[in-house]
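All values below were derived from every heavy atom in this structure, side-chain atoms included, with hydrogens, water molecules and symmetry-related copies excluded. Letters A, B, ... mirror the listed sequences (proteins, then strands); counts begin at 1. These numbers were taken from a predicted model, which means no experiment stands behind them.
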Amino acid sequence: MKTFNRESAVLINGTVRNRVEGTADGRNPTGDIEVLITSAELLNKSKAPPFELGDQKEGVLPNEDIRMKYRYLDLRRTEMIQTMEFRSKFLHLSRQYLESKNFLEIETPILARSTSEGARGFIVPSRVRPGTFYALPQSPQLFKQMLMVASMDRYYQVARCFRDEDSRKDRQPEFTQLDVEMSFVDMKDIQDTIEELIAHVWKGMYGKELKTPFIRVAYREAMEKYGSDKPDMRYGLQFVSLTETVKDVPYDIFQRIMKAGGIVAGVNLKSDVAGDKIGRNDVDRYIHYAKKCGLGGLTWMRCKDGVLESNITKYFTPEILDAIKDKMDAEEGDLLFLIAGPWKSTYEGGGLLRKKLAEDLDIIPRDEFQFLWLVDCPMFEIDPVSGKYDSFHHPFVLPLNEDLNAPYVGGACFDICLNGNELGSGSLRINRPEKQLEVFKKLGLSDEKIERNFGFFIEALSYGAPPHGGIALGIDRFISILLGKDTIRDVIAFPKNKKAASVLDGSPQKVDDETLEELQIITLATDDFQFEETEDSEEQ
RNA sequence: GCCCUGGUAGUGUAGUGGCCUAUCAUGAAGCCCUGUCGAGGCUUCGACACGGAUUCGAAUUCCGUCCAGGGCGCCA
């Protein structure tokens, strides 16, 4: 009889039976049975795999680039098969729910127009009209809105999106969104739909009811308490504003910051969680870390013998120290960290510090899933340096103020977050052309640019576009969080690496001169990057 | 564009100036054993990413490059 090596495709005929008593192998899932073989055929012999695939070897995985190069083998691992099954079932349940609510799955173009807004796009040269290019969509935004104009009323799509920006562990150049759009809805309608959708998926995946509605947190509160627009509320460590409390303290640094309109806030590391485990050296490390997070520094106070002590308490009167103690709910042994600076950058830096503290102190409940809606978002962000207006979400969000020059303009937009990650964002859209024009102009787009990039869209809105809105959920992120994966690459069958390349098929690739000529393209690149040749391909 | 971490047989690792003709496991090839299949025994094969510098001597120190990952910028 021939030896059948591992990973080969084989055809076995025989009878399954229990093994002789005393020979069962409990270590093996099939250790209780055996097959009495009547015939065996080797359909296709496998070469020796370049790395171990057996389930017992999991946890001893090779470097990721080896896994990517042989992704078809990596995907044979039980863990990867289960991930693909999970993803498939997740999408199936999502479609099942949306179909039951009369949503239509409609495909939108992959070859589309570049609107040269937002993220860098990928472009595709046209052979028929050399010198012109399609763009791959960053999202189906304009198309789904035009489907609403077209009275499609309820649309969804499992949509591939493309953005030519640098990768992160949760960002790939191409990724999948569950894209949803509806006409004649308000924000709550959209949120209710998504809650029901996720609850339906939850029931199907886990057999459990998901608690709805999700909690809602205002943008400002999220920033001021958690230092993030995607707060992880599974643990405490909330910031408390001390700006009012310390406004008269003759501490130079605070005074300067507050005169410039900045804030002072503190977080209490309770002694039972952290306070007395963090020594003076640790505090110095956190000060260093705070500076890396864009904070000017980090002030600390420790509650000892009933009073707050630190290197700067000499600038504070006992009354103010008591007020801080009171406000921060500081008790014996607690450690307070104080941050100060401009509102946005300081809270953002504080949020990074909060996350770091929670990780170091190991107080994040890893098995918990906490959904939330981030609501009451602004319409615009103003660049502190240039003073330029930028969309908080995107330029198609419906402003909540009629007057775009009001001191604060809210946007009819919101995010859905899970465990400190942004899963997706939704909004009501502008449906009147003149309002859309007004927003474009507020964002500093010239008439010429508006006409060139969005003329067709403004035109579409002018044919009685109904009020509409929608949302898009990042499927890769969602699934990776649910499965506890460190990177979305682990939930994508064929992902790209950090340099946006596929090690498996060797893309992106140079094309031959004839192809370039046909497209009338010349390249200025001198770089001669080549993927490492394998021995096999050299032999060919 | 910038910062950080890493790169030792097919794979995972040990090894911080001479004890390295480099450890262990797994793998591959061959043989032995036969209630084996994720068992056991024996033999063999196979690596310091690349280039330069320091040194009597470099896997080990330094510089540069390449590759991979994490982050900043960027991601409307």
**Request:** Using the closest heavy atom to pick a nucleotide of RNA chain B for each, name whichever of A:Lys496 or A:Arg477 lands nearer the 5' end.
**Result:**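 The residue closer to the strand's 5' end, by nearest nucleotide, is A:Lys496.
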
Query - Upstream residue (5' side of RNA chain B) when A:Phe396 and A:Lys498 are each assigned their closest nucleotide - result: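 Nearer the 5' end of the strand: A:Lys498.
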
Look at all strands and tell whether [X] reaches a base, only sugar-phosphate, or nothing, counting heavy atoms closer than 4.0 Å.
X        : answer
A:Arg489 : sugar-phosphate
A:Ser139 : base
A:Ile66  : sugar-phosphate
A:Asp166 : base

Specify the separation, in whole Å, of atom [atom1] of [X] and atom [atom2] of [N].
X        : N     : atom1 : atom2 : answer
A:Tyr289 : B:G71 : OH    : P     : 11 Å
A:Gln145 : B:A76 : CD    : P     : 15 Å
A:Leu61  : B:U13 : CG    : C1'   : 15 Å
A:Arg67  : B:G69 : CZ    : P     : 11 Å
A:Asp164 : B:C74 : CG    : P     : 16 Å
A:Leu53  : B:U26 : CG    : P     : 17 Å
A:Glu381 : B:C74 : CD    : P     : 11 Å
A:Phe457 : B:A76 : CZ    : C1'   : 13 Å

Provide the distance between the two [atom1] atoms, one in [N] and one in [M], to the nearest whole Å.
N     : M     : atom1 : result
B:C31 : B:C20 : C1'   : 31 Å
B:G7  : B:G46 : P     : 24 Å
B:C66 : B:U23 : P     : 33 Å
B:U34 : B:A39 : C1'   : 10 Å
B:C74 : B:C67 : P     : 25 Å
B:G64 : B:U54 : C1'   : 15 Å
B:A47 : B:A14 : C1'   : 13 Å
B:C63 : B:G27 : P     : 40 Å

query: Among the nucleotides B:G35, B:C67, B:G12, which one has an atom lying closest to any side-chain atom of A:Asp65?
result: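 Selected nucleotide (nearest to the side chain): B:C67.
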
_From the set B:C74, B:U11, B:G69, return the single nucleotide nearest to any side-chain atom of A:Glu165._
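Of B:C74, B:U11, B:G69, B:C74 is nearest to the side chain of A:Glu165.
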
Return the nucleotide paired to [N]: Watson-Crick means purine N1 to pyrimidine N3 with N6-O4 or O6-N4, wobble means G-U with N1-O2 and O6-N3, both under 3.5 Å.
N     : value
B:U5  : B:A68
B:G73 : none
B:C56 : B:G18
B:C42 : B:G30

Return yes when atom [atom1] of [X] has more than 12 non-hydrogen atoms of other residues, nucleotides or ligands closer than 6.0 Å, and no otherwise.
X        : atom1 : result
A:Tyr134 : OH    : no
A:Glu359 : CD    : yes
A:Asp383 : CG    : yes

Quiz item: [X] side-chain donor-acceptor pair to [N] base, under 3.5 Å:
X        : N     : result
A:Glu52  : B:G12 : no
A:Lys499 : B:G69 : no
A:Arg171 : B:C74 : yes
A:Lys169 : B:G71 : no

Return the orientation label for the A:His394 and A:Phe396 ring planes: parallel under 30°, perpendicular over 60°, tilted otherwise.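 Correct class here is tilted.
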
For the residue pair A:Phe454 and A:Phe440, categorise the inter-ring angle as parallel (less than 30°), tilted (30 to 60°) or perpendicular (more than 60°).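 Taking A:Phe440 first and then A:Phe454, their aromatic rings lie parallel (interplane angle under 30°).
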
For [X] and [N], is the shortest distance between a side-chain N/O and OP1 or OP2 below 4.0 Å?
X        : N     : value
A:Asn497 : B:A68 : yes
A:Arg168 : B:C72 : yes
A:Arg163 : B:C74 : no
A:Asn63  : B:G12 : yes

Could you tell me whether A:Lys356 and A:Asp360 have a side-chain N and a carboxylate O separated by less than 4.0 Å?
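Salt bridge flag = yes for A:Asp360 with A:Lys356.
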
Cationic N near anionic O, under 4.0 Å, A:Lys441 to A:Asp447:
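Looking at A:Lys441 and A:Asp447, the cut-off is met.
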
Can any side-chain N or O of A:Asp476 pair as donor or acceptor with the backbone N or O of A:Thr176 at less than 3.5 Å?
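Confirmed, A:Asp476 side chain pairs with A:Thr176 backbone.
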
